[in-house]
Amino acid sequence: MASVRTRFAPSPTGYLHIGGARTALFNYLFARHHGGTFILRIEDTDRERSTPQAIEAILQSLKWLELDWDEGPYFQTERFPLYQSRVEWLLKEGRAYPCVCTPAELEAKRQAALKARRKPMYDGTCRPREAHEMAGRAAELRRQGKSFTVRFRAPKEGKTTVDDKIKGVVVFDNGELDDLVLARSDGTPTYNFCVVVDDIDMKITHIIRGDDHLANTPRQILLYQAFEKQPPEFAHVPLILGIDKARLSKRHGATSVMAYKEMGYFPEALVNYLVRLGWSHGDQEIFSRAELIEKFTLEEVGKSAGVFNPEKLLWVNFHYLKSRPLGQLAEEVAPFIAAKGYPVPEKAWLERMIATLRERAKTLVELVDQAHYYLSDEIRWDENAVRKALTPEVKRPLEKLARALAETEPFDEAHIKEAFAKVLGEFGLALGALAQPVRVALTGSTVSPGIYEVIAVLGKKRTLERLEAALEKIP
RNA sequence: GGUCCCAUCGUCUAGCGGUUAGGACACCGGCCUCUCACGUCGGUAACACGGGUUCGAGUCCCGUUGGGACCA
């Protein structure tokens, strides 16, 4: 087999969404698995809806996910001369023909067909009966200064078979297929035509795309035949659905790749989650990039659409969060701390802080959110917790603990624990009876990491200040 | 409306003619424990329906139903 060449061909009409990212990922993995080439092509022929911002967003998203492409990005708007020359060639060979039907006529015929409950298809008014009949027609029309659309002279008889690597053999009746418009009257080429011209020109061997394109595939295969080219392999991956089984869209929540970056997800986590949505390898859930490249095959891609499940993504993200090297995590969390308006602490201390929280947060945003009492001295008081924990009975033990901690040296977990033990013994208290008030005093709430850890990370000065302040709150 | 695709726990899925139908997320409970988590142990929960083929069907075939895509 010739060396594998795949492509991802997004239209830059918006950000890169979850579904597109998965398509890109499958193309990337398939190419890497076979030691092939992964190509990026921007399908921006719809000038109305394509924007430079969208192009930028797509490139950024792919880079963030580390789906690095080997060729491109190619832009279809820069390739119009190629499309034109291919239109001319088809015209010359009699495989396409000029059509002078006006939009009004076509619309009227369409309505009539609909009314008669027939399939609205082009009726073939301008279609030549024999291929050679129209040979000079286009040139003649041009001489007369008349504009026309160019239609593909598609075979009306027989069947076209798509041997799909995922869906299997799918047969279409050629009689169902229309005489596709290849170029509009202003000369601009149409979507299906550009795709085929580009895929031929770029020597694409495997087209892996959403199964919303499956119905377009027989038309494209017919075009390959008209160009006397062998069609590539096709693999149509099922779509991603929202919780209501409708195609995933904005109303299901965040769908853009960059939104997940901003919400504090890791690119590895998104990739890992996305690859498992529609593909599986036995019971394995977590895959490194190297494993994915080694193990990814089209045979293990499922045929049915899948529902996007944010909770599982969260779990995958949590997996990466808790198993990450602390130093790396510290660097990754810093921008999120800054974004919240906190000063970014010095790295060694930041790592200690993170170590106490990493098993309690599922995203970087959550981590920063839970770190408020480390990052700021303005305690967010949970009034219920204050009322429950900071009672007159604990005033003396708290005072005693403050004194003991003041003398604790070195100020580490082991020695802090000793200070607690001393006070606990003196008042005959269980650990919980002292730990909870201290927890509230230091963090403002009844929920936090282990109390010795919190004290050690906070340090002696801040701990004592907060105990002082809390004692003043006790009636 | 026409054409096409799809169908195993709520969700992602394993299964490729003979299984007590497995795993993961979520959910529920036990343990651990200074709170919350982590961890750990256990539990609830699925082959859409109806016909065939076969000694035997989640698995193969046909239909029905349901969902989805495309064409306009």
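Quick note: numbers below take in every heavy atom, side chains included, and nothing from hydrogens, waters or symmetry partners. Proteins get letters first, then strands, A, B, ... in listed order; numbering begins at 1 in each. All figures in this text were calculated on a predicted structure; none of them were measured in a lab.
Here the side chains of Lys156(A) and Arg127(A) are in contact, with some heavy-atom distance below 4.5 Å. Residues Trp381(A) and Ser445(A) form no side-chain contact, since every pair of their non-hydrogen atoms from C-beta on lies 4.5 Å or further apart.
Contacts of Thr446(A) with the nucleic acid, taken as non-hydrogen atoms under 4.0 Å apart, include base atoms. Among the atoms of the strands shown, none is found under 4.0 Å from any heavy atom of Gly210(A). Residue Ala435(A) is classed as a base contact, given a heavy-atom separation below 4.0 Å to a base. As judged by a 4.0 angstrom heavy-atom cut-off over every strand, Leu277(A) is placed among residues touching the sugar-phosphate backbone only.
Pair assignment for A21(B) gives none, since no Watson-Crick or G-U wobble pairing has each distance under 3.5 Å. The partner of A45(B), taking Watson-Crick or G-U wobble pairs whose two distances both stay under 3.5 Å, does not exist in any strand shown. The partner of G50(B), taking Watson-Crick or G-U wobble pairs whose two distances both stay under 3.5 Å, is C62(B). The base-pairing partner of A69(B), taking Watson-Crick or G-U wobble contacts with both distances under 3.5 Å, is U3(B). The nucleotide A57(B) finds no pairing partner, because no Watson-Crick or G-U wobble arrangement with both distances shorter than 3.5 Å includes it. Remark: G39(B) base-pairs with C31(B); criterion is Watson-Crick or G-U wobble with both hydrogen-bond distances under 3.5 Å.
For a distance-only test at 3.5 Å, the side chain of Glu176(A) fails to qualify as a donor-acceptor partner of the base of G2(B).
Residue Asn309(A) is the one, among Asn309(A) and Leu431(A), whose nearest nucleotide of RNA chain B lies closer to the 5' end (criterion: closest heavy atom).
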Review item, side-chain donor-acceptor pairs of residues 414-427 of chain A, under 3.5 Å, at least two apart:
residue	atom	partner	partner atom	Å
His415(A)	ND1	Asp412(A)	OD1	2.6
His415(A)	ND1	Asp412(A)	OD2	3.3
Glu426(A)	OE2	Lys400(A)	NZ	2.5

With salt bridge (charged side-chain N to carboxylate O under 4.0 Å, His left out) as the criterion, how do Arg7(A) and Glu43(A) come out once you've worked through the C-alpha distance, each side chain's angles and the decisive distance to 0.1 Å? CA-CA 12 Å; Arg7(A) 46 63 159 194; Glu43(A) 306 207 323; 5.4 Å; no
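Annotation: C38(B) and G30(B) have their P atoms spaced 15 Å apart (nearest Å).
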